[in-house]
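Worth saying up front: this structure is predicted, and the values here are computed from it rather than measured.
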Amino acid sequence: MKTSFSILAAFFCIGDLTIFANSLFLENITLNQPHILSSYLIFLSFVLLYFGLQFPTFFRNFPRLVVICSFVLGMGIMLLLVDLGILNEVYPGTSLILLKYYYNAYYTITFFAFSYLIIAKLRYNFPAIQKFMEYIYLATFLTCILFITLCFLPNVIPLTTKYFLHFFLFVNLLFLSCFVVFLFHYSFTEDYLTHPFSFIFERSTKIFEDRILATRSHSRLIKENLWNLYEKRNWRQIMDSFWFQILVDETLDNALEHGGKREDDIITVHVFESRKYIDVYVIDSGKGFNPRLIPSPIESDRKLVTSGRGIHILKKLFVVRWNFLGNEVSIRVDKTKSNDWKSIT
């Protein structure tokens with residue numbers, strides 16, 4: 001999922017830089033070549049389909065999604081090869097028909113395929129992102145209104161009258177609006193996984209990484225490896241073994257309980273260390289949850305419920321964050337607060 005987001009953002013940046021360089025240095029030569037822009041839009045459709053397959057996660061129980069995307073991908077590759085084999089100077093009529101009808105037909109098919117991906121994903125949506133998706137719908141609606149307004153006012157942005165550039169404008173506006181929604185919904189809050197600006201200068205080093213099957217036997221094995229790391233890095237001076245055991249047991253047992261429903265489910269553990277912090281990441285294959293809905297065990301109606309106390313204790317001691325799906329937890333240990341932990345009874 002992170003890879004799909006990065007690829008999508010990188011592709012938009014490449015397209016924007018190409019248009020910027022073409023306008024400044026190439027005297028709009030590329031903008032007047034519809035075949036070049038059409039080829040770019042085909043590659044963009046590939047990226048969108050890949051993004052649709054991966055977001056919010058890959059659905060292994062819907063193989064037809066992969067079949068449909070593979071079919072559209074093959075159509076796009078064949079269209080690019082045919083267009084490459086037909087020179088405008090030799091077959092101008094055929095080239096024009098290809099541009100006018102076949103490319104537009106492919107864009108229509110891609111639109112329906114991408115729409116089907118979205119509908120299939122939302123039909124079995126994750127509860128953790130339902131509110132986020134509602135905000136995304138609102139942002140998309142407002143972006144469409146802004147885009148239509150700009151199209152009716154070509155003097156505001158003259159380049160929107162160029163061939164296909166209105167599409168570039170729309171995808172940029174849509175990406176920016178969705179990114180702003182993502183920032184406000186997940187980043188500017190204490191519940192979700194994010195990093196302060198100082199994270200760039202922390203120079204954290206990865207000291208542990210392991211991927212195991214989500215079974216109890218493998219869970220015990222990775223716990224043993226983490227305890228060996230605890231002794232090897234001399235973390236006993238930072239935190240008592242009691243707190244470290246709570247950290248390890250709560251994160252791994254929760255990952256096993258919520259992300260070990262299938263035989264091939266994986267639990268991934270990463271540990272980073274810098275001069276000031278220890279960061280432990282545990283990722284499972286489950287559907288996740290909304291961390292804002294975790295009930296407090298100190299409330300009167302929860303005093304007799306044994307579950308949920310470990311996470312509550314961790315949040316009192318360390319900085320606990322989740323990703324936006326809730327299937328990745330991050331525990332940040334501040335080494336400078338070790339005395340405070342040892343005084344807790």
Of all heavy-atom pairs between His218 and Ile212, which one has the smallest distance, and what is that distance? O-CD1, 3.5 Å
A cation-pi test, strictly: NZ or CZ of Arg332 under 6.0 Å from the centre of the six-membered ring of Phe318 and no more than 45 degrees from its axis. Yes or no? no
Treating Asp240 as the side-chain partner and Phe244 as the backbone partner, does any N or O pair qualify as donor plus acceptor under 3.5 Å? no
Is there a path of hydrophobic side-chain contacts, each under 4.5 Å between heavy atoms of I/L/V/M/F/W/Y residues, joining Phe242 to Leu314? yes
In this structure, would Phe43 and Tyr50 fall into the same cluster of hydrophobic residues linked by side-chain contacts under 4.5 Å? yes
Look at the side chain of Ser285 and the backbone N and O of Ile266, then say whether any donor-acceptor pair between them is shorter than 3.5 Å. yes
Would you say the side-chain atoms of Ser219 pair up with the backbone N or O of Thr215, donor to acceptor, closer than 3.5 Å? no
Judged by atom type as modelled, is there a donor-acceptor pair below 3.5 Å linking the side chain of Ser45 to the main-chain atoms of Ile42? yes
Heavy-atom pair with the smallest gap, counting every atom of Ser204 and Phe272: CB-CB, 4.1 Å
Return the minimal non-hydrogen interatomic distance between Leu117 and Leu49, and the atom names on each side. CD1-O, 3.8 Å
Is it true that a side-chain atom of Tyr281 and a backbone atom of Val271 form a donor plus acceptor pair closer than 3.5 Å? no
Phe112-Leu41 co-clustered via ILVMFWY side chain contacts under 4.5 Å: no
Counterpart residues, side chain to side chain contact (heavy atoms under 4.5 Å, CB included), relative to Phe71 (two or more places apart): Met75
Non-hydrogen atoms of Tyr116 and Leu65 that approach each other most closely: CE2-CD2, 3.4 Å
Treating Asp210 as the side-chain partner and Val269 as the backbone partner, does any N or O pair qualify as donor plus acceptor under 3.5 Å? no
If you compare all heavy atoms of Ser177 against all heavy atoms of Thr143, which two are closest, and at what distance to 0.1 Å? OG-OG1, 3.0 Å
Locate the shortest heavy-atom distance separating Phe114 from Leu48; write the atom from each residue and the value. CE1-O, 3.2 Å
Flag yes if Ile77 and Leu44 sit in one hydrophobic cluster, no otherwise; membership is Ile, Leu, Val, Met, Phe, Trp, Tyr, and two members link when side-chain heavy atoms are under 4.5 Å apart. yes
Membership question, hydrophobic clusters at under 4.5 Å side-chain separation (ILVMFWY): are Tyr103 and Val82 in the same one? yes
The criterion is side chain to side chain contact (heavy atoms under 4.5 Å, CB included); which residues satisfy it with Arg233, sequence neighbours excluded? Ile207, Leu229, Trp235, Glu273
Using atom types as modelled and distance alone, determine if a side-chain donor or acceptor of Lys223 lies under 3.5 Å from a backbone N or O of Leu252. no
Just wondering, more than 12 heavy atoms not from Phe46 lying within 6.0 Å of its CZ? yes
Run the side chain to side chain contact (heavy atoms under 4.5 Å, CB included) test against Ser115 and tell me which residues pass, sequence neighbours left out. Phe111
Quick one: do Asp279 and Lys206 make a salt bridge, cutoff under 4.0 Å? no
